[in-house]
Every structure is written in structure tokens, then in C-alpha cells.
Amino acid sequence: MRQNLFPEILFLMETKNVRNVLVDLQVWLGYDNVFTVDPVGLRGGFALFWEKNIKMDVKFADKNVIDSLVSSPFFLSCIYGEPSDHGREVVWERISRWGCIRKEPWCIIGDFNEILNNGEERRLTCGMDEFSRKGDRFTWGGWRWKKWIQCCLDRSFGNEAWLSLFPGSNQTFLEKRGSDHRPVLLRFYASKEPFNGQFRFDKRFLWQPEVLKEIEKAWGGRNKFGPDKVGIKIGRCRAVLSRWKRKRNFNAKDKITLLQ
């Protein structure tokens with residue numbers, strides 16, 4: 001994964017190692033920054049790595065959650081669900097509390113360790129929807145009571161503001177490598193196309209009556225908590241204009257080719 005994908009942000013859980021060991025791992029992986037949470041005894045432990053072009057501000061961290069503000073546009077919460085019933089309730093209570101007051105784009109990802117047993121009710125509590133997925137969703141497998149058990153533990157979700165800013169967000173469950181969990185790869189876009197260049201406003205949009213209607217619709221959107229922030233509105237307009245342009249042939253070179 002390090003060679004083929006090299007994600008800009010990498011979250012590792014159950015590291016079972018102290019910070020010194022994880023700093024050495026950071027250097028070997030080639031990341032510029034790392035935030036760690038030490039294990040409790042022989043269990044748990046977190047490491048969050050990120051590249052230098054990303055600004056990461058960790059707002060809260062304990063043995064179950066790392067909550068961060070990433071480059072100001074969005075929040076990222078990395079979760080490791082507590083195995084005990086009481087512990088799960090404590091973790092979920094904190095996530096739900098954030099969900100009730102957080103209007104900015106927000107993504108949660110990690111091992112929920114059966115935290116979603118009560119399913120839809122809990123997800124609706126903090127307004128999160130699971131991203132579309134590829135691969136085997138049974139991310140954990142192991143022997144229990146002499147039987148092979150598989151569970152959907154590792155997942156990722158986004159709130160309404162996140163899906164407005166990154167409508168193509170999707171998760172891929174990768175093959176297991178040295179762990180009984182599958183890695184989850186979260187992409188903000190449906191393909192690599194948006195990364196090929198920055199969005200640029202095309203002046204030809206100004207002469208298209210349909211464009212104004214699309215912008216008004218995107219700008220006037222609201223979430224259930226009230227009006228969106230300007231950054232979210234701009235992101236939504238950018239996505240709408242990109243989709244509109246893709247459906248119409250605005251490329252002069254392509255037009256010339258068709259006329260020949």
C-alpha cells in the first residue's frame with residue numbers, strides 16, 4: 001500500500017507500540033508528521049501520519065478517538081470502538097455530541113467494533129451516511145468458539161456538509177496484509193480526474209442560462225441545521241459546474257475533431 005497508493009493521511013490502530021517506535025515507522029514510511037496515542041498495557045495504540053502539505057490540528061485524542069481539523073476545510077475523526085458494552089456507549093455518546101453541534105464537513109473512519117449494532121438509529125443521531133464501497137465489506141475475520149466469524153467492523157461515514165463538498169467520496173476495502181483487518185482506503189473523489197488540475201471558471205459559462213439556475217440552486221442549499229457556510233457553498237457550486245461542463249462539449253479541440 002505504501003508503494004502503490006501512499007495516502008496523504010494514514011491512520012493505524014492497535015499499534016501496541018510507544019511513540020519512539022512509531023516515529024521510526026514514520027521515517028521509514030516517508031511521512032512528514034505523526035501524532036500518536038500510546039497503548040494501554042498491551043492493547044490499543046494509535047498513529048496518525050500525514051504529509052507536509054496538509055495542516056492537521058488535533059482537537060481531541062484518547063484511547064478510542066483522534067478528532068482533527070484538517071487544513072480548515074473539514075474534520076476527520078479516527079475511531080477505534082471499545083470492545084465492552086459500557087465503553088461503546090461512552091465512545092458513541094461523544095461522537096453523537098459532536099454530531100449535534102458540528103456543521104462543518106466531517107468524516108469518521110475506523111474500526112467501530114460493533115459500535116453500530118443499533119444501526120440506523122445511531123447513524124441518524126449524528127446525521128452520518130456511509131460512503132459507497134468497493135471490495136469485501138467483511139473487513140475482519142477470525143476464529144471464535146471454534147467457528148470462523150466475519151464482521152463488518154471497519155467503515156467510513158460523512159455528514160451532509162461533507163457529501164456536499166466531496167460528493168464522489170467512496171471507500172475501498174483492500175486485501176489483508178499482516179493483519180486480521182482489511183485496510184480501508186477513503187477517496188474524496190470518484191476517480192483521479194479531479195486531481196489532474198484545479199477547477200477554473202470558464203467565461204463561456206456566463207452565456208449559458210442553465211448555468212445561473214444551477215448555481216442558484218447549489219448556493220441556496222441548506223442542511224438540517226440551517227444555512228451552510230460560504231466554503232461549503234463554493235464547493236457545492238464547483239461540483240455542480242464540473243458536472244454540468246462534463247455533460248456538454250465545451251472543448252474547442254473536440255468540436256473541431258467532430259466537424260472534420
Side-chain angles (χ1 to χ4, degrees), residues 5 7-9 53-57 68-77 98-109 120 123-135 155-172 184-260:
L5 300 173
E8 293 180 279
I9 302 172
N53 61 307
I54 293 174
K55 182 180 178 182
M56 183 83 68
D57 182 10
S68 307
L69 179 62
V70 182
S71 301
S72 293
F74 62 83
F75 282 93
L76 173 67
S77 299
W98 289 339
C100 290
I101 61 175
R102 190 165 282 177
K103 298 179 182 179
E104 298 85 356
W106 180 33
C107 167
I108 58 177
I109 186 171
E120 303 304 321
R123 256 182 282 171
L124 291 173
T125 300
C126 56
M128 309 297 283
D129 288 310
E130 186 171 8
F131 300 130
S132 60
R133 59 179 181 258
K134 298 178 183 178
R155 305 158 75 177
S156 56
F157 300 80
N159 65 358
E160 187 175 347
W162 177 281
L163 294 171
S164 294
L165 186 60
F166 303 113
S169 295
N170 62 92
Q171 56 185 335
T172 301
V184 180
L185 176 65
L186 172 61
R187 291 188 174 95
F188 292 6
Y189 299 93
S191 69
K192 294 183 179 179
E193 182 182 347
F195 291 102
N196 292 337
Q198 294 181 339
F199 172 81
R200 298 183 185 278
F201 184 82
D202 192 322
K203 284 194 268 189
R204 288 173 292 181
F205 287 155
L206 297 173
W207 311 109
Q208 303 294 325
E210 298 174 21
V211 169
L212 179 58
K213 295 179 181 178
E214 292 291 337
I215 292 176
E216 289 178 342
K217 183 178 178 181
W219 189 266
R222 295 168 59 94
N223 61 53
K224 61 184 179 181
F225 299 108
D228 288 322
K229 290 190 175 182
V230 173
I232 296 173
K233 290 175 179 284
I234 293 174
R236 195 158 54 222
C237 289
R238 182 173 60 232
V240 164
L241 289 175
S242 295
R243 287 196 298 267
W244 190 91
K245 187 176 181 180
R246 282 198 298 269
K247 292 179 181 178
R248 290 154 182 84
N249 192 356
F250 260 44
N251 190 301
K253 183 178 179 181
D254 290 344
K255 284 187 175 181
I256 293 172
T257 302
L258 289 172
L259 291 172
Q260 288 178 341

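Only a predicted model underlies this, so the values are computations on that prediction, with no experimental measurement involved. Because only heavy atoms are used, hydrogens play no part in the values below, and waters and symmetry mates are left out as well, while side chains stay in.
- Rounded to the nearest 0.5 Å, atoms SG (Cys237) and CD (Glu216) are 10.0 Å apart.
- Here the side chains of Asn53 and Glu8 are in contact, with some heavy-atom distance below 4.5 Å.
- Taking 4.5 Å as the limit, some side-chain heavy atom of Phe131 sits within range of a side-chain heavy atom of Cys107.
- Between Trp106 and Trp98, the angle of the ring planes goes over 60°, which puts this pair in the perpendicular group of the 30/60° scheme.
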Report task. Please step through side-chain contact (heavy atoms from CB on, under 4.5 Å) for the pair Thr172 and Arg187, ending with a clear verdict. Result -> CA-CA 8 Å; Thr172 301; Arg187 291 188 174 95; 3.5 Å; yes
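- Under the 3.5 Å distance criterion, the side-chain polar atoms of Gln171 are matched with a main-chain donor or acceptor of Ser156.
- Here CG of Leu185 is found 10.0 Å from NZ of Lys134. Values are rounded to the nearest 0.5 Å.
- Here the CE-CZ distance, from Met128 to Arg102, works out to 9.0 Å after rounding to the nearest 0.5 Å.
- Annotation: the span from Leu69 atom CG to Glu104 atom CD amounts to 8.0 Å, rounded to 0.5 Å.
- The NZ atom of Lys213 sits 11.5 Å away from the NZ atom of Lys217 when rounded to the nearest 0.5 Å.
- Considering only heavy atoms from C-beta on, Ile54 comes within 4.5 Å of Ile9 through its side chain.
- The main-chain N or O of Phe157 is never found under 3.5 Å from a side-chain atom of Glu130 such that the two would form a donor-acceptor pair.
- Applying the side-chain contact (heavy atoms from CB on, under 4.5 Å) test to Ser132 and every residue at least two apart in sequence or in another chain returns Asn170.
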Query raised in the report: Where do Phe74 and Trp162 land on the ring pair (Phe, Tyr, Trp, His ring centres under 6.0 Å) test, with the steps shown first?
Result: CA-CA 8 Å; Phe74 62 83; Trp162 177 281; 4.9 Å; yes
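- One distance of note links OG of Ser71 with NZ of Lys55; it measures 8.0 Å at 0.5 Å rounding.
- Asn159 contributes no side-chain N or O that, together with a main-chain N or O of Pro105, makes up a donor-acceptor pair within less than 3.5 Å.
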